[in-house]
Amino acid sequence: MSSRKKILLKVIILGDSGVGKTSLMNQYVNKKFSASYKATIGADFLTKEVLVDDRLVTMQLWDTAGQERFQSLGVAFYRGADCCVLVYDVNNSKSFDTLDSWRDEFLIQASPMDPESFPFVVLGNKVDVEESKRMISSKRAQAFCQAKGGIPYFETSAKQAVNVEQAFEVIARNALAQEESQDFNPDFPETIPINMNESNEGCAC
Amino acid sequence: MASASCDARPASPPSPSASFYALSDDEEGDYSTIRHARSGKGVKLLYAKSKVYVHPSPSAKDNISGYIAILEQKGPASTDAARRRASAASSSSRTSKDATSSRSDSEGLLVAWLPESGMGEAKEIYAKVELADADEPRKQSYLVPPPPVTTTHSSSVGAYAFAVPLSEIYSIAFRVPNSGWWHGSIVINTRAGDSFPALFFHDPECQSTTNERKKLQRESFSISKDGGGVYWGGDAILTWLKRYAVIERSHMDPSVYLVDPNEEDKKAFLSGAKPTPEQLRNVLEGKHKDEPGQKKDGPDPLTKALREARWTVLEKLSQVTTFTRRTAQAVAENKNLPPQVRRLMQSPQVQTVSDEFDSARLYLARWAMSIAEQAEKEKSQRIWTAQEILEMEESELGSFEILDTESLSMVDRRKPVTEKEWKGFFNSRTGRLEKTPDEVKERIFHGGLSKDDDVRKEAWLFLLGVYEWDSTADERNAKMRSLRDEYIRLKGAWWERLVDETGTLQEREWWKEQRMRIEKDVHRTDRHIPLFAGEDIAHPDPDSPFADAGTNVHLEQMKDLLLTYNEHNRDLGYVQGMSDLLAPIYAIEQDDAVAFWGFVGFMERMERNFLRDQSGMRLQLLTLDHLCRFLDPKLYDHLQKLDSTNFFFFFRMLLVWFKREFEFNDILRLWEGLWTDYYSANFHLFIAMAILEKHRDVIMEHLKGFDEVLKYVNELSGTIDLQSTIVRAEALYRRFQRMVEAIDKKGNFPKVPAVRQRLPQPPPAGPTPATGRASASASGRERTPQEGATSSEPVISPELRALLSREVPKLEKREVREHGGGVGS
């Protein structure tokens with residue numbers, strides 16, 4: 001059943017502005033780093049074909065604006081996601097503190113079938129920066145991930161390509177598992193019509 | 001195809017294929033003859049060129065691709081001629097004045113056009129001959145099946161194919177290509193007074209033309225010929241013909257070349273006398289023989305009869321094509337045409353060489369094409385009658401009406417406003433504007449401001465509302481003084497906050513966060529601009545993530561400016577994207593207080609984009625939705641199928657006014673035009689629509705999903721030609737305005753206004769969004785597929801109507817307080 005068609009894995013990358021979402025994505029897909037990526041406005045995605053356990057899948061990595069107010073329009077992209085990557089900057093404690101709300105917001109907006117088992121991955125980025133500037137220890141981050149039901153955690157540097165490949169390998173594998181688990185659920189439509197205007201009613205702000 | 005390079009090789013005859021043809025295979029020595037048919041019958045193919053089209057209708061889909069060729073007929077009569085020709089041609093091509101003896105040379109030769117589809121196996125041979133290096137003597141001569149020879153167009157059978165003896169050709173009208181508007185074409189006029197359908201040279205598709213251009217480029221670093229103009233397919237034809245006949249250019253109409261003219265012809269056409277329009281028309285239409293005292297024989301009765309009866313459908317359609325060409329020419333010569341468009345059309349070599357102009361060229365081509373097709377559609381695909389064609393020709397508008405009235409009747413003056421011109425707008429003593437603000441805005445909207453002087457520094461302050469249009473120089477100076485004071489006060493206020501950590505905890509957190517946000521964003525805003533590129537000073541804050549990289553004075557100024565704005569508008573505060581909006585203003589003014597107030601003026605209209613609830617962005621995306629459905633329902637229908645009618649893929653463009661799509665310098669030009677609110681305070685939505693329209697065909701044909709649309713539109717960044725986009729946006733605005741007027745005018749009649757017939761079927765009823773659609777859903781959605789007669793009147797949604805307003809939609813302070821998401825004042 002699962003091999004009947006090309007598999008597209010939809011991955012959403014979230015996190016505060018400036019933590020390195022765009023950079024991580026570009027490092028993974030294009031093997032490039034630039035210090036001067038402009039702030040992401042709206043949304044964009046990159047795709048990459050990868051082998052996961054000998055199966056060819058296409059990863060579609062969605063990059064969104066980090067400033068929270070821009071998420072209200074971006075929710076359209078959350079639907080049908082197979083994995084959500086939460087990124088923070090290890091040198092910026094605020095970006096770590098918001099991880100929880102990014103996660104909650106995602107679960108509300110994407111409303112996956114089984115929120116408890118929906119795959120997240122946490123990336124602590126910018127580990128290339130000198131140790132003295134580091135605000136969040138590995139231990140603290142791991143404790144957080146443990147508390148949230150054992151979220152996989154990686155410390156990465158998009159700049160120096162540290163752990164990026166490894167992290168996305170796990171992201172791909174978990175996304176594929178999620179995608180396949182959904183295939184067994186006949187009630188879950190493969191595509192949900194997205195309409196921005198729907199959220200008009202729900203927006204209380 | 002080949003140049004007259006025979007002199008270099010005295011051993012080889014000038015045109016090997018021609019001279020050796022009469023000999024037997026054995027005698028030909030090195031040359032082997034390829035016979036097409038087993039019978040050995042055939043005509044010799046001397047030259048061929050592919051991708052020569054007949055355009056039977058204005059619609060590109062009807063174009064018929066074929067070959068133009070020079071063929072030599074075998075036969076006792078032509079053998080001697082062919083021999084003689086070989087020697088005659090070599091001399092006549094150099095001294096073409098020697099016209100007396102050459103008439104007979106052309107007798108055995110045929111000029112033919114054959115549709116590709118009907119060529120069968122012979123096509124291979126044609127293709128081979130086309131690409132054979134014309135400068136090298138041919139190793140082989142090629143025989144192909146003889147085409148049916150005709151002397152009049154009317155007698156040619158079927159799909160336009162013809163082969164006319166060169167000796168029967170009286171003249172050929174050449175129309176050189178004009179990039180973006182029309183392909184180069186030739187019309188062959190026979191001695192009997194007939195014209196064959198125009199043959200259009202689709203040069204970009206034609207391998208031999210491309211090769212020749214490349215060769216010219218290699219040899220002379222230019223694809224222009226010696227005489228100027230881009231080398232095109234017609235040049236090859238001229239070169240070929242000059243080998244076999246005397247070709248004289250008419251002085252009366254330089255586009256017409258006479259073939260083997262006699263003395264009378266020369267008198268009539270080669271004199272310097274100015275032709276009457278009738279003469280010209282007659283030549284173009286091949287009616288020269290009816291002119292008194294020009295030709296020796298009148299047409300034979302059969303030809304005459306055929307000419308009388310030549311209003312066949314096909315003939316009519318070829319007339320339509322001619323009409324389109326003429327109209328295009330008229331457009332090109334239209335004085336009201338914006339100079340840059342005219343320039344664009346007149347210097348095709350520029351665009352062919354430079355890829356940068358490619359998009360502009362394609363745009364014009366597609367635009368012209370879509371209009372032609374639109375016009376065709378509106379005629380409900382009826383066959384054009386002769387009467388209609390004549391009427392349209394007389395009106396000189398025809399299918400170009402939309403283009404003509406909407407984008408071409410703009411003021412000719414699209415030159416940028418220079419500082420000198422700007423200063424001239426003001427009274428030299430009082431410094432008060434002596435023109436109306438609208439006159440100035442019109443100039444800026446169409447021409448922009450000069451980038452070569454400092455005019456923007458001052459003019460932008462008017463456009464951004466820092467200065468009143470009716471102020472005197474003294475008043476402006478006084479205002480600027482007080483604004484500088486106010487800037488210093490605001491700057492001091494946030495400085496104090498940061499140093500003294502005043503305010504509530506929540507406020508302090510907010511400030512800290514905002515400062516960090518600004519820091520991060522400024523360091524990644526327009527760093528490719530030299531002004532912002534440097535990292536020549538140490539970062540003042542060692543804790544900044546950019547402390548290692550260093551900074552420069554302009555980045556620091558930008559940060560201060562944005563923090564000052566954060567202080568000035570605490571209800572909203574700094575939001576991502578604002579640094580993109582500030583950078584151009586700072587770059588122009590380069591004075592922090594002045595730039596600040598310019599930015600504040602800009603932000604008054606942009607504020608709504610940054611609200612926490614995104615209501616301003618939603619409204620604009622919704623308006624774009626309505627606009628697209630109104631102007632291009634077919635595209636809208638497609639977008640709806642792709643779940644893309646949220647128009648989210650325009651989010652970035654609308655949020656920061658195309659800042660990420662255009663080069664920095666283009667942004668300066670675009671924004672100053674938008675700031676004028678010359679047509680609409682929401683003209684940026686027409687810019688968006690213009691960008692969308694340009695890619696509508698690609699979107700409709702190739703994009704199959706919401707994600708694909710987003711990706712495609714995101715990747716347009718850096719590829720959009722600004723000038724043509726502005727021109728098109730203006731055309732769209734005018735069309736929009738006219739459609740609204742037409743609908744309003746006919747609002748009370750049960751009949752569907754004509755303008756609505758342009759709109760195809762309404763989109764199938766999909767999920768109806770909550771707002772804004774209610775009124776629009778009555779707008780023709782109930783139209784039956786057959787006819788619009790039963791439809792209710794279209795209603796212009798309030799969102800669409802708001803587009804007609806020139807008043808900038810500004811938020812009330814209260815709205816910003818409620819939805820801004822700042823800490824409040």
Side-chain angles (χ1 to χ4, degrees), chain A residues 8 10 16-20 22-23 34-47 60 62-77 79-80 89 91-92 94-95 98 126 128-130 132-133 135 191-205, chain B residues 509 512-513 516-517 519-521 523-528 543 545-549 575-577 579-580 610-615 617-618 621-622 625 643-656 659-660 705-707 710-711 714-715 766-773 818-819 821:
Chain A
L8 181 76
K10 190 168 172 181
D16 278 5
S17 112
V19 297
T22 307
S23 294
S34 159
S36 57
Y37 286 123
K38 296 183 174 189
T40 305
I41 294 178
D44 202 356
F45 65 84
L46 291 177
T47 54
Q60 192 180 58
W62 283 85
D63 185 19
T64 55
Q67 192 161 1
E68 179 243 339
R69 67 185 59 194
F70 292 127
Q71 294 295 320
S72 70
L73 284 171
V75 294
F77 316 116
R79 304 277 179 88
D89 173 355
N91 313 296
N92 175 346
K94 173 84 193 324
S95 71
T98 52
K126 303 197 186 182
D128 53 281
V129 175
E130 57 182 291
S132 66
K133 291 200 171 163
M135 304 289 285
T191 51
I192 298 173
I194 312 162
N195 201 319
M196 172 200 97
N197 299 291
E198 277 172 22
S199 49
N200 273 354
E201 298 101 351
C203 188
C205 34
Chain B
E509 274 298 306
K512 203 176 139 197
E513 218 179 286
M516 184 55 126
R517 212 188 284 287
E519 173 84 16
K520 278 180 180 164
D521 286 352
H523 277 271
R524 48 180 175 167
T525 301
D526 294 321
R527 296 300 300 278
H528 61 291
D543 291 333
F546 303 95
D548 295 340
V575 181
Q576 263 185 3
S579 64
D580 276 290
F610 297 97
L611 297 179
R612 184 176 196 89
D613 64 0
Q614 292 289 291
S615 53
M617 286 303 294
R618 280 177 207 279
L621 293 171
L622 182 68
D625 171 290
D643 290 318
S644 291
T645 46
N646 52 32
F647 284 83
F648 186 85
F649 52 96
F650 269 103
F651 185 88
R652 184 172 78 192
M653 295 199 206
L654 301 190
L655 186 83
V656 290
K659 179 78 183 329
R660 302 290 179 87
F706 166 70
D707 49 354
L710 180 84
K711 190 81 191 158
N714 276 349
E715 289 188 351
T768 306
T771 56
R773 295 273 176 92
E818 281 169 17
H819 303 291

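Owing to the predicted nature of the structure, the values given are computational and were not obtained by experimental measurement. Letters A, B, ... are given to chains in the order of the sequence lines, protein chains preceding strands, and every chain is numbered from 1.
Remark: D526(B) engages K659(B) in a salt bridge, criterion side-chain N to carboxylate O under 4.0 Å.
Among D580(B), D707(B), L710(B), D521(B), the residue with the largest count of heavy-atom pairs under 4.5 Å with chain A is D707(B). Comparing K133(A), K38(A), Q60(A) by heavy-atom pairs within less than 4.5 Å of chain B, the highest count is held by K38(A).
Residues T98(A) and E68(A) fail the side-chain proximity criterion, which asks for heavy atoms closer than 4.5 Å. Put simply, the side chain of N92(A) reaches to within 4.5 Å of the side chain of K520(B), judged on heavy atoms.
A tilted orientation is assigned to the rings of F45(A) and W62(A), their planes being inclined by 30° to 60°.
For E715(B), no part sits under 4.5 Å from any heavy atom of chain A, backbone or side chain. Residue contact with chain A, scored on non-hydrogen atoms closer than 4.5 Å, is absent for H523(B). Contact of T40(A) with chain B is made through the backbone alone, with heavy-atom distances under 4.5 Å. For D16(A), no part lies under 4.5 angstrom from a heavy atom of chain B. Residue contact with chain A, scored on non-hydrogen atoms closer than 4.5 Å, involves the side chain of V656(B) exclusively. Proximity to chain B (any heavy atom under 4.5 Å) is shown, for D44(A), by both the backbone and the side chain.
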Q: Please lay out, stage by stage, how E130(A) and D548(B) fare under the test side chain to side chain contact (heavy atoms under 4.5 Å, CB included).
A: CA-CA 10 Å; E130(A) 57 182 291; D548(B) 295 340; 4.1 Å; yes
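In this structure F649(B) satisfies the ring-ring contact (aromatic ring centres under 6.0 Å, His included) test together with F647(B), sequence neighbours excluded.
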